[in-house]
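A short worksheet on the structure shown next.
Counting begins at 1 with the first residue of the sequence. As a basis for the values below, the full set of heavy atoms in this structure was taken, side chains included, without hydrogen atoms, waters or symmetry mates. Remember, predicted model here, so these are calculated numbers, not experimental data.
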Amino acid sequence: MSTSKIKDKYNIAVIPGDGIGKEVMQATISALDELDIEFDYIYGEAGDECGQKTGTPLPQETLDIIRNADACLFGAAGESAADVIVKIRQELKMFANLRPIKSYPNTNALFDDVDFMIVRENTEGLYIADQEELTENGAIAKRIITREAEKRIIDYAFDYAKENGKSKVTAVHKANVLKKSDGLFKEIFYQEAEKYPEIGTEDYYVDATAMYLITQPQSFEVIVTTNLFGDILSDEGAGLVGGLGLIPSANIGKDGALFEPVHGSAPDIAGQGKANPIAMMLSAIMMLRYLGENEAADKFDAAILKVLNEGKTLTSDLGGSSSTMEVAEAIKDNL
């Protein structure tokens with residue numbers, strides 16, 4: 001969601017990270033520089049290579065760069081992703097993770113009319129592994145669900161729906177088994193829904209949702225769910241619309257926002273110029289909307305759509321033979 005602020009110049013933290021993160025970041029920055037907006041890029045290090053060089057995958061200096069910026073663009077982290085991204089979310093209280101699932105032309109999308117948003121709680125639950133430990137008999141992991149965090153993310157989902165012309169929010173849980181934790185999530189969902197009478201509501205178990213994403217994805221508009229469920233369903237959603245190379249994401253909190261593709265560092269193709277930059281570019285478009293630069297975001301989005309529609313300049317994951325920067329140049333030509 002937009003901060004509704006437009007400035008003469010934006011300070012953008014740029015963290016290329018590992019593997020193809022550097023390549024897709026370079027392509028995206030080159031496109032952003034074609035827009036009629038002034039950016040001041042402040043580069044920071046994070047990830048596996050940073051850890052090998054400095055002894056930590058996420059230096060305090062990088063955290064400070066992100067904290068002091070208007071927004072952050074993040075490329076990819078390798079094996080240290082949990083120590084980097086999860087820690088950034090926690091340190092900067094980025095409680096909302098947004099994963100748009102949208103069909104684009106000339107991709108491997110299973111349907112051509114999918115367009116919904118997954119709003120995922122970012123700060124608690126099993127995913128953060130905050131209280132995971134080994135015991136003599138095996139291992140224990142605690143799943144903590146709090147009223148404060150779940151109310152906050154549910155309100156965010158309803159506000160997102162209201163601001164973006166969506167008519168329905170779907171809550172996803174497993175309250176039939178996790179009666180206390182997910183039971184609380186479901187209870188809070190319907191309590192908060194009363195504040196948004198114009199928005200329709202429904203709730204499904206997470207396993208049923210996984211099936212419905214395959215059989216009737218067009219029925220979803222906004223999905224709100226807890227951390228781990230959101231992570232899993234987001235990747236299933238990526239499979240619906242052509243793979244991780246087309247999925248952007250946003251991590252948003254009161255004190256900052258970070259935008260990143262979800263494809264990871266892909267070491268098998270790193271340095272070969274094969275990476276699809278579109279997920280990183282779509283993440284940058286989410287950043288532009290967060291900054292209130294909707295006209296520029298629309299222009300950038302239209303350029304990407306035109307290149308995909310033409311189908312002449314595509315990376316290998318979409319059946320083409322173009323390089324990362326060739327795709328970037330084609331998109332820039334349409335800006």
Side-chain angles (χ1 to χ4, degrees), residues 86 89 95-103 109-111 113-132 139-162 164 166-241 243-244 247 249 262:
V86 175
R89 292 170 180 166
F95 64 88
N97 181 267
L98 304 183
R99 296 271 184 98
I101 308 297
K102 183 176 180 179
S103 303
L110 302 183
F111 303 89
D113 56 351
V114 172
D115 186 2
F116 62 89
M117 178 69 77
I118 296 178
V119 180
R120 165 190 169 198
E121 206 290 318
N122 236 2
T123 66
E124 60 184 21
L126 280 174
Y127 190 88
I128 65 170
D130 186 36
Q131 298 190 44
E132 187 179 39
I140 296 174
K142 293 184 179 180
R143 183 176 190 258
I144 297 175
I145 300 293
T146 66
R147 287 184 180 275
E148 178 185 9
E150 301 311 323
K151 179 180 180 300
R152 182 173 58 191
I153 198 65
I154 288 165
D155 280 340
Y156 191 97
F158 276 106
D159 286 336
Y160 176 89
K162 187 174 180 179
N164 290 274
K166 306 296 184 180
S167 63
K168 182 177 64 175
V169 176
T170 305
V172 174
H173 56 81
K174 193 63 177 170
N176 58 329
V177 175
L178 301 170
K179 296 180 186 296
K180 291 184 171 59
S181 57
D182 269 15
L184 178 63
F185 174 81
K186 180 180 177 181
E187 174 189 322
I188 295 170
F189 174 74
Y190 283 108
Q191 287 174 348
E192 296 308 301
E194 293 178 3
K195 300 189 300 189
Y196 304 88
E198 72 279 22
I199 305 294
T201 57
E202 64 185 8
D203 70 281
Y204 294 130
Y205 299 140
V206 64
D207 45 342
T209 305
M211 178 183 69
Y212 294 148
L213 286 183
I214 299 299
T215 59
Q216 54 183 60
Q218 301 87 349
S219 69
F220 295 106
E221 296 186 49
V222 178
I223 291 174
V224 62
T225 190
T226 52
N227 205 338
L228 183 59
F229 292 164
D231 182 60
I232 295 168
L233 293 176
S234 294
D235 279 13
E236 184 187 7
L240 278 175
V241 297
L244 293 174
I247 302 294
S249 75
V262 300

Work out which heavy atom in [X] is nearest to a heavy atom in [Y]; give both atom names and the distance.
X	Y	result
Ala141	Leu126	CB-CD2, 3.7 Å
Glu202	Tyr190	C-OH, 3.6 Å
Ala149	Thr123	CB-OG1, 4.1 Å
Ser234	Ile101	O-CD1, 3.8 Å
Ile118	Gly230	CG2-O, 4.4 Å
Ser219	Lys168	O-NZ, 2.7 Å

Over 60° means perpendicular and under 30° means parallel, so classify the ring planes of His173 and Phe185, tilted if in between.
tilted

Check side chain to side chain donor-acceptor pair (under 3.5 Å) between Ser103 and all other residues, then give those that pass, not counting sequence neighbours.
none

For Glu236, all residues meeting side chain to side chain donor-acceptor pair (under 3.5 Å), sequence neighbours excluded
none

Which residues pass the salt bridge (Lys or Arg N to Asp or Glu O under 4.0 Å) test with Glu198, not counting sequence neighbours?
Lys162

Can you tell me how far [atom2] of [Y] sits from [atom1] of [X], rounded to the nearest 0.5 angstrom?
X	Y	atom1	atom2	result
Asp115	Glu221	CG	CD	9.0 Å
Asp113	Lys102	CG	NZ	12.5 Å
Ile188	Glu150	CD1	CD	6.5 Å
Thr146	Leu184	OG1	CG	8.5 Å
Asn122	Thr226	CG	OG1	11.5 Å
Ile199	Tyr160	CD1	OH	12.0 Å

Non-neighbouring partners of Asp155 that pass side-chain contact (heavy atoms from CB on, under 4.5 Å), sequence neighbours left out:
Lys151, Glu192, Lys195, Tyr196

Holding to side-chain contact (heavy atoms from CB on, under 4.5 Å), I want the full list of residues that pass it with Pro100, two or more places apart in sequence or in another chain.
Met117, Pro248, Met286

Is there a side-chain contact (heavy atoms from CB on, under 4.5 Å) between Val222 and Asn164? Walk through the geometry before answering.
CA-CA 10 Å; Val222 178; Asn164 290 274; over 6 Å; no

Is there a side-chain contact between [X] and [Y], using heavy atoms and a 4.5 Å cut-off?
X	Y	result
Leu98	Val119	yes
Ile214	Leu240	yes
Ile232	Val206	no

Give the intermediate values and the outcome of side-chain contact (heavy atoms from CB on, under 4.5 Å) for residues Val224 and Tyr156.
CA-CA 9 Å; Val224 62; Tyr156 191 97; over 6 Å; no

Please step through side-chain contact (heavy atoms from CB on, under 4.5 Å) for the pair Arg143 and Leu228, ending with a clear verdict.
CA-CA 10 Å; Arg143 183 176 190 258; Leu228 183 59; over 6 Å; no

Determine, using ring centers only, whether Phe229 and Tyr205 are less than 6.0 Å apart.
no

Would you please test Asp235 and Arg99 for side-chain contact (heavy atoms from CB on, under 4.5 Å) and show each step?
CA-CA 9 Å; Asp235 279 13; Arg99 296 271 184 98; 3.9 Å; yes

If only atom types and distance count, is the side chain of Ser181 paired as donor or acceptor with the main-chain N or O of Ile145 below 3.5 Å?
no

Give every residue pair that meets the salt bridge (Lys or Arg N to Asp or Glu O under 4.0 Å) criterion with at least one member in residues 116-127, sequence neighbours excluded.
Arg120-Asp231

